[in-house]
Amino acid sequence: MSILVLGATGFIGPRLIKKLVARGETVVGMDLNPAAPTFDGSPIGAPVLRGDVTQFEDVMRTVLEVKPERLINLAYGLGAGEGNPHQVMRLDVLGMDNCFEAARLGGVRRIVYASSVAVSGQQSSFGDRLVNEDDPTHGTSQYAYGMSITGVRPANVTGPDKVRGSTDHVQIMTEGARGRPVHLPKKGLMRLLIHVEDMAEVFARILLADAPRHELYNSGGIPVSLGELADIVRGFLPKAEITFAEEGGREDSGNYLVDWSRLSKEFGIEYPGLHTRVLEVINDVRRVEGLPLVGA
Ligand SMILES: NC(=O)c1ccc[n+]([C@@H]2O[C@H](COP(=O)([O-])OP(=O)(O)OC[C@H]3O[C@@H](n4cnc5c(N)ncnc54)[C@H](O)[C@@H]3O)[C@@H](O)[C@H]2O)c1
């Protein structure tokens, strides 16, 4: 089998390559420093091409040349982030993305990447117990040094002018408001809606908080099927032409049951009811279109 090892001449790479070659695999390495000597001076036993994983062209060219069936990426900046977090982030994040994309385009069937125990952070975060792969991560390296970094996971953000990402829920309201027909594939598809104003408020509160208690917050929102949303729109616009190709879709839905109690408890966030927000979106669109507003 043909295997490409990125980050081939570091600490682990040469040993991995030797093991693969000993098992009869056809291995090619790539590294920024292809001629680095091995610990015991013995040859790696496979060709190592020069290439930089942060340069997509280098990774793509190598994948096209080697045509690997499998690929492993070991080229990261290990323990080097404190002094130069920007460069190491580029290496770790952009480099890995380059590998995924080149592998996808090159038809690679399997990729392995090296993560690190460092993602778990301090043992004290867990007490005196084993940590498994499903446990939360508390990594404190790279940019987390001396800086508070808080993540927010928005649900399906909705509003009158959304054009990227999930937009089926938007079309139901905005096309309905314009008096245009909407036809969508699945009536039962669930969305977890949060109005863009509410989303902006969540970001504002978390950004302005001196010391958020958590590193990550779900925005949460209001779960609704597209069919139910269409019914709410028809409540305001009885003539709205909203049709679906099929009834089902619930099983194809993204995560719509989300615990966002962290956010609601710590920041006192409450979202207005969906009817209120749907009416707002409809009238926002009708105002822009010069159409008469509809009432509650
Ligand atoms: N060794 C450990 O203790 C350990 C622990 C946890 C995780 N890991 C993970 O496994 C990976 C491999 O470990 P290692 O000890 O062999 O690391 P290493 O630092 O010895 O090897 C990394 C290799 O990647 C190469 N490289 C760096 N930047 C590059 C770039 N831009 N393009 C191409 N190549 C580049 C380096 O020249 C080096 O040969 C680590 O980077 C780390 O993410 C290792």
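Computed from a predicted structure; not experimentally measured. Numbering of ligands and ligand atoms starts at 1, following listing order.
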*Nearest candidate to atom 27 (C) of ligand 1, where distance is taken over non-hydrogen atoms, out of Asn33, Leu16, Leu91*: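 That would be Leu91.
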*asked:* Closer than 4.0 angstrom, basic N to acidic O: yes or no for Asp168 and Arg191?
replied: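 Here Asp168 pairs with Arg191 in a salt bridge, since their nearest N and O are under 4.0 Å apart.
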Going by distance only, is there an N or O of [X] that falls short of 3.5 Å from an N or O of ligand 1?
X     : answer
Ala8  : no
Met30 : no
Asp31 : yes
Ala75 : no
Ile12 : yes

_Counting the benzene-type ring for Trp, do Trp260 and Tyr271 have ring centres under 6.0 Å apart?_
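So the answer is yes for these two rings.
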*May I ask you to check whether Phe11 and Phe39 place their ring centres under 6.0 Å from each other?*
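Ring centroids of Phe39 and Phe11 are no less than 6.0 Å from each other.
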With a cut-off of 6.0 Å (strictly less than), are more than 12 heavy atoms of other residues, nucleotides or ligands near [atom1] of [X]?
X      : atom1 : result
Gln123 : CD    : yes
Tyr113 : OH    : no
Asp40  : CG    : yes

Please identify which atoms of ligand 1 are closer than 4.0 Å to at least one heavy atom of [X].
X      : result
Ala114 : 9 (C), 10 (O), 11 (C), 43 (O)
Leu74  : 11 (C), 12 (C), 22 (C), 41 (O)
Gly10  : 20 (O), 21 (O), 38 (C), 39 (O)

*Tell me, please: is Gly51 in heavy-atom contact with ligand 1, that is, under 4.0 Å?*
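It does, in that a heavy atom of Gly51 comes within the 4.0 Å cut-off of ligand 1.
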*How does Ala36 reach ligand 1, if at all, at less than 4.0 Å between non-hydrogen atoms: by side chain, backbone, both, or neither?*
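None of Ala36 does.
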Throw together a table of side-chain donor-acceptor distances under 3.5 angstrom for residues 232-240, partners on residues two or more places apart or in other chains.
unit_1, atom_1, unit_2, atom_2, d
Arg234, NH1, Asp231, OD1, 2.8
Arg234, NH2, Ile242, O, 2.8

*Check the side chains of Lys18 and Ser42 for a donor-acceptor pair under 3.5 angstrom, ignoring hydrogens and angles.*
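Result is yes, a qualifying pair exists.
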